Trainee: 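I have a structure I would like to understand better, so I am pasting it below and will then ask my questions one at a time.
Values below: every heavy atom of this structure, side chains too, minus hydrogens, waters and symmetry copies. Quick caveat: nothing in here was measured; it's all calculated off a predicted structure.
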Amino acid sequence: MNEHLPRVIINDSTLRDGEQAPSVAFTAEEKIRIALALEQAGVDEIEAGIPAMGDAEIEVIRATGKALRRAAVIAWGRMTRADVDAALRTGLRRLNLSVPLSDLQIHVKLRSDREDVLRRIRDVIPYALDRGFEVFMGGEDASRADMEFVRTAVLSAQEAGAAKFRFADTLGILDPFKTDAIFRKLRSLTDMALEFHGHNDFGLATANTLAAVAAGASHASVCVLGLGERAGNAALEEVVAGLALIYSRKTGVDLPRLAPLAELVAAA
């Protein structure tokens, strides 16, 4: 039994990554209703959206933050000062700053190199901290990155003041054995909170998320019904049930409340 282990923190990205699923677009009213239902179900953290998308998105994120009372509401941005400035307009105090870690995505998305990524980490995280944010760093495409560079980026983020590192299996290429090995190494490297964000391209997002938690991840990134870009993300319902019934791990989520939550998202 694992009852002595700390509770797993559930981070839901339905309003951000989930909305990137084909044919999914929530109205402002739907987003707030979903956020309230997530909070009522016991989800710890809710990724509310991307402020850099513009004024309308900022207003919805701001309204979401005001509507919730218990769950931590998080804005998502790129590792740029401009995205930090946009997030400031939401009134939120928590910000996930994401940056590519694989050489391919660094080249394609940033037109730069590894040293530029490290420079951004060392510059933008303190910039956000100085503006009152609790900062989390997301490592995009970390599963295709050189693990020594991932190690360097994680240590740079920790030194810069980040409170959590999110390891993203952006293309869903991991299996549970590789995920286990990665998170054991990460857990031995840092005392930061660690989160796994898994995509479902090969049907392994839930299995990989469970493996990450078993190997030391403190946070699980999920979406209702497994929504998300391409094949989707790890499903909130599967991860919470698997943690409880297979691993005897506690979360704050009330399983009976997940059915009406799933119906709400499906109908939106």
Side-chain angles (χ1 to χ4, degrees), residues 1-21 23-49 60-61 63-74 76 94 164 166 176 179 193-200 203-228 231-268:
M1 298 294 289
N2 291 318
E3 293 183 356
H4 64 286
L5 293 176
R7 183 166 65 84
V8 180
I9 304 301
I10 301 299
N11 177 300
D12 186 272
S13 189
T14 304
L15 300 180
R16 199 272 303 175
D17 206 343
E19 199 178 30
Q20 296 179 44
S23 302
V24 174
F26 302 123
T27 66
E29 181 182 353
E30 287 169 342
K31 287 183 178 183
I32 294 174
R33 289 175 60 201
I34 290 168
L36 288 168
L38 287 165
E39 181 176 64
Q40 290 166 4
V43 169
D44 302 284
E45 299 177 348
I46 297 171
E47 206 164 61
V60 175
I61 295 171
T64 301
K66 289 183 176 180
L68 301 189
R69 294 292 176 264
R70 183 196 57 80
V73 183
I74 303 170
W76 187 98
R94 298 174 180 89
K164 178 174 69 176
R166 168 186 283 177
T179 305
L194 294 175
E195 181 172 279
F196 181 74
H197 177 82
H199 283 260
N200 206 39
L204 293 171
T206 293
N208 288 335
T209 304
L210 296 176
V213 170
S218 53
H219 293 59
S221 176
V222 297
C223 289
V224 177
L225 299 174
L227 291 176
N233 295 286
L236 166 65
E237 308 79 25
E238 294 174 354
V239 169
V240 170
L243 286 171
L245 302 177
I246 299 174
Y247 289 95
S248 299
R249 292 295 299 272
K250 294 180 180 178
T251 69
V253 176
D254 183 6
L255 284 170
R257 289 185 178 270
L258 294 182
L261 170 61
E263 291 174 2
L264 172 63
V265 172

Trainee: CG of Asn11 to OG of Ser221: how many Å apart, nearest 0.5 Å?
Mentor: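 Rounded to the nearest 0.5 Å, the CG-OG separation comes to 5.0 Å.
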Trainee: Please list, chain by chain and in numerical order, all residues satisfying side-chain contact (heavy atoms from CB on, under 4.5 Å) with Ala214, sequence neighbours excluded.
Mentor: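 By the side-chain contact (heavy atoms from CB on, under 4.5 Å) rule, Ala214 matches Tyr247.
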Trainee: Please identify each residue that fulfils salt bridge (charged side-chain N to carboxylate O under 4.0 Å, His left out) with Glu45, with sequence neighbours left out.
Mentor: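 By the salt bridge (charged side-chain N to carboxylate O under 4.0 Å, His left out) rule, Glu45 matches Lys164.
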Trainee: Test of understanding: with side chain to side chain donor-acceptor pair (under 3.5 Å), list the residues that count as partners of Glu19, not counting sequence neighbours.
Mentor: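 Here the qualifying residues are Lys31.
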Trainee: Can you list everything that forms a side-chain contact (heavy atoms from CB on, under 4.5 Å) with Ala244? Sequence neighbours excluded, please.
Mentor: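 Per chain and number, Ala244 pairs via side-chain contact (heavy atoms from CB on, under 4.5 Å) with no residue.
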Trainee: Using only atom types and a distance under 3.5 Å, with no angle test, would you say the side chain of Asn200 pairs donor to acceptor with the backbone of Ala205?
Mentor: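 Answer holds: yes.
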Trainee: Which pair of heavy atoms, one from Ala48 and one from Ile61, lies closest together, and at what distance?
Mentor: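 For Ala48 versus Ile61, the nearest heavy atoms are O-CG1, 3.9 Å.
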Trainee: So which atom in Ala63 and which in Ile32 form the shortest heavy-atom distance, rounded to 0.1 Å?
Mentor: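 That would be CB-CD1, 3.7 Å.
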Trainee: Testing Ile34, Leu38, Leu258 for side-chain contact (heavy atoms from CB on, under 4.5 Å) with Val224, which one passes?
Mentor: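 By the side-chain contact (heavy atoms from CB on, under 4.5 Å) criterion, Val224 pairs with just one of Ile34, Leu38, Leu258: Leu38.
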Trainee: Going by ring pair (Phe, Tyr, Trp, His ring centres under 6.0 Å), name the residues that satisfy it together with His219, two or more places apart in sequence or in a different chain.
Mentor: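 By the ring pair (Phe, Tyr, Trp, His ring centres under 6.0 Å) rule, His219 matches no residue at all.
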Trainee: Tell me the closest heavy-atom pair linking Val239 and Ala234, and the distance in Å.
Mentor: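 Smallest heavy-atom distance, with atoms named: CG2-CB, 3.9 Å.
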Trainee: Going by side chain to side chain donor-acceptor pair (under 3.5 Å), name the pairs with one or both residues in residues 203-212, residues two or more places apart or in two chains.
Mentor: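 Applying side chain to side chain donor-acceptor pair (under 3.5 Å) to every pair that reaches into residues 203-212, excluding sequence neighbours, yields Thr179-Asn208, Thr206-Glu238.
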Trainee: List in chain and number order the residues that pass side chain to side chain donor-acceptor pair (under 3.5 Å) with Thr64, two or more places apart in sequence or in another chain; answer none if no residue qualifies.
Mentor: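 If we apply the side chain to side chain donor-acceptor pair (under 3.5 Å) test to Thr64, skipping adjacent residues, there are no hits.
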Trainee: Taking side-chain contact (heavy atoms from CB on, under 4.5 Å) as the definition, give me every residue that meets it alongside Glu29, ordered by chain and number, with sequence neighbours left out.
Mentor: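 With neighbours one apart ignored, the set is Thr27, Arg33.
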Trainee: Taking all heavy atoms of Val213 and all of Ala220, pick out the closest pair and write down the distance.
Mentor: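 Heavy atoms of Val213 and Ala220 come nearest at CG2-CB, 4.4 Å.
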Trainee: Give a yes or no on whether a salt bridge exists between Glu47 and Arg166, defined as a side-chain N under 4.0 angstrom from a carboxylate O.
Mentor: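 Arg166 and Glu47: salt-bridged.
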Trainee: Side chains of residues 66-73: which donor-acceptor partners sit under 3.5 Å, not counting sequence neighbours?
Mentor:
residue : atom : partner : partner atom : Å
Arg69   : NH1  : Lys66   : O            : 2.6
Arg70   : NH2  : Glu39   : O            : 3.1
Arg70   : NH2  : Val43   : O            : 2.7

Trainee: Applying side-chain contact (heavy atoms from CB on, under 4.5 Å), name anything that partners Thr251, two or more places apart in sequence or on another chain.
Mentor: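 Partners of Thr251 by the side-chain contact (heavy atoms from CB on, under 4.5 Å) criterion, ordered by chain and then number, come out as Val8, Ile10, Val240, Leu243, Val253.
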Trainee: Do Ser13 side-chain atoms and Asp17 backbone N/O form a donor-acceptor pair below 3.5 Å?
Mentor: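 Yes, Ser13 side chain to Asp17 backbone: donor-acceptor pair under 3.5 Å.
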Trainee: Which pairs count as salt bridge (charged side-chain N to carboxylate O under 4.0 Å, His left out) when at least one residue sits in residues 254-268, sequence neighbours excluded?
Mentor: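 Output for this query lists Asp254-Arg257.
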Trainee: Considering all heavy atoms of both residues, which atom of Gly18 and which atom of Val24 are nearest to each other, and what is their separation?
Mentor: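 Residues Gly18 and Val24, closest heavy atoms: O-CG1, 3.9 Å.
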Trainee: Please identify each residue that fulfils side chain to side chain donor-acceptor pair (under 3.5 Å) with Arg7, with sequence neighbours left out.
Mentor: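 Once residues adjacent in sequence are excluded, the partners of Arg7 under the side chain to side chain donor-acceptor pair (under 3.5 Å) criterion are Asp44.
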Trainee: Can you tell me how far CG of Leu225 sits from SG of Cys223, rounded to the nearest 0.5 angstrom?
Mentor: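 So the SG of Cys223 and the CG of Leu225 are separated by 9.5 Å.
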